[in-house]
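These notes are about the structure you will find just below.
Index from 1, following the sequence.
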Amino acid sequence: MAEESEKTVPPPSGESLLDKISEKLHGHDSSSSSSSSDSDSDKKDTSSIKDKVYRLFGREKPVHSVLGGGKPADVLLWRNKKISAGVLGGATAVWIFFELLEYHLLTLVCHILILLLAGLFLWSNAHTFIHKAPPRIPVVHLPEEPFVQVASALRIEINRGFAALRTIGSGRDLKNFLLVIVCLWILSIVGSCCNFLTLFYIAFVLLHTVPVLYDKYEDKIDPLAEKAAVEIKKQYAVFDAKVLSKIPKGPLQGKKLA
């Protein structure tokens, strides 16, 4: 009987081993699930923090996408330094040529055509004299599609500008109305100080410098822009309380509000 009792002892130890293994497995699952839940919560926290980061003009896309993407955005952001430097250098040469040297556009076009015709005439006669046959002058043909695309894009942007002016002039948003008036007034002052070519060149240089600087230092610029936006809102609230709220409203607007 004692031997039988001793033989029946091992099963509980086997059950205990199974229990320990199952506990370890459950503990591993619970730890992995807790770690995964913690990682998920961390991801949610980081995503919520990223969502709360202030971006200039409320943008949600990268600067490259805001500029339209493609080759124009690459040029403005100096992704290809040779092309960007060439474009900016060409614009600078044109500005120096017309503004500083006071060369006129019609005179330049006429002089370029004179040189082209003279060179073509001399080359044609020299080729005929040497080879006893007239040269094959290449035919210059401008494709229609790029001009149509540019005209279509320009038409769309002009229509958007007209729609924005119509919305601002309708009197629904006083804040945007005042902002546009101030911007146009500043632009008129700048336009009175320099001619159109200089103003266009300044805008061209700003397009080739401001986006790339902002793309490089956006983490430092956005907090400063946020502070400036908060301060502007405070000043506008004071201006609204002291001035705009005291402007009498017409009877039609009162009826609509009622």
Side-chain angles (χ1 to χ4, degrees), residues 43 46-101 103 105 108-109 112 116 138-165 167-168 176 179-180 183-184 186-187 190-191 193-229 232:
K43 289 180 180 179
T46 54
S47 62
S48 62
I49 291 171
K50 289 182 180 179
D51 293 336
K52 293 179 181 178
V53 173
Y54 177 84
R55 294 299 180 189
L56 193 61
F57 301 116
R59 66 177 182 85
E60 297 178 355
K61 299 179 180 179
V63 180
H64 189 270
S65 300
V66 173
L67 294 176
K71 293 183 179 180
D74 292 338
V75 173
L76 294 177
L77 294 177
W78 293 74
R79 300 291 174 87
N80 193 335
K81 295 183 179 180
K82 292 182 179 180
I83 297 177
S84 300
V87 172
L88 186 59
T92 304
V94 169
W95 179 76
I96 293 173
F97 205 67
F98 286 106
E99 186 65 22
L100 298 183
L101 301 179
Y103 213 77
L105 179 61
L108 178 64
V109 172
I112 291 174
L116 287 176
V139 178
V140 179
H141 178 72
L142 297 177
E144 182 181 1
E145 186 177 357
F147 291 94
V148 173
Q149 291 178 355
V150 171
S152 178
L154 186 62
R155 180 185 64 84
I156 292 172
E157 295 300 326
I158 291 174
N159 288 333
R160 286 181 180 177
F162 285 152
L165 290 176
T167 303
I168 293 170
N176 288 333
L179 181 62
V180 171
C183 291
L184 291 175
I186 294 173
L187 188 62
V190 175
C193 298
C194 56
N195 57 13
F196 179 76
L197 181 60
T198 303
L199 186 62
F200 180 79
Y201 176 69
I202 292 172
F204 193 82
V205 173
L206 291 176
L207 280 175
H208 280 77
T209 53
V210 174
V212 65
L213 291 176
Y214 175 71
D215 185 46
K216 189 176 181 180
Y217 301 104
E218 61 178 345
D219 293 334
K220 297 179 181 179
I221 296 174
D222 286 337
L224 297 177
E226 184 178 9
K227 293 180 182 179
I232 290 173

Under the rule for salt bridge (Lys or Arg N to Asp or Glu O under 4.0 Å), what residues qualify as partners of Arg160, not counting sequence neighbours? Glu157

Donor-acceptor list for residues 195-211 side chains, cut-off 3.5 Å, not counting sequence neighbours:
unit_1 : atom_1 : unit_2 : atom_2 : d
Asn195 : OD1    : Thr198 : N      : 3.0
Asn195 : OD1    : Thr198 : OG1    : 2.8
Asn195 : ND2    : Glu99  : OE1    : 2.8
Asn195 : ND2    : Glu99  : OE2    : 3.4
Thr198 : OG1    : Trp95  : NE1    : 3.3
Tyr201 : OH     : Thr92  : OG1    : 2.8
His208 : ND1    : Phe204 : O      : 3.0
Thr209 : OG1    : Val205 : O      : 2.8
Thr209 : OG1    : Leu206 : O      : 3.4

Taking CD in Gln149 as the centre, count heavy atoms belonging to other residues, nucleotides or ligands within less than 6.0 Å. Is the count above 12? yes

Non-hydrogen side-chain atoms of Asp215 and Trp78 separated by less than 4.5 Å: no

In Å and rounded to the nearest 0.5 Å, what is the OG to CG distance from Ser84 to Asp74? 8.0 Å

Got a second to check how far Leu179's CG is from Ile168's CD1, nearest 0.5 Å? 8.0 Å

Using a 4.5 Å cut-off on heavy atoms from C-beta on, say whether the side chain of Ile96 contacts that of Tyr103. no

Taking only residues two or more places apart in sequence, or in another chain, which ones meet Ile83 in a side-chain contact (heavy atoms from CB on, under 4.5 Å)? Val75, Asn80, Val87

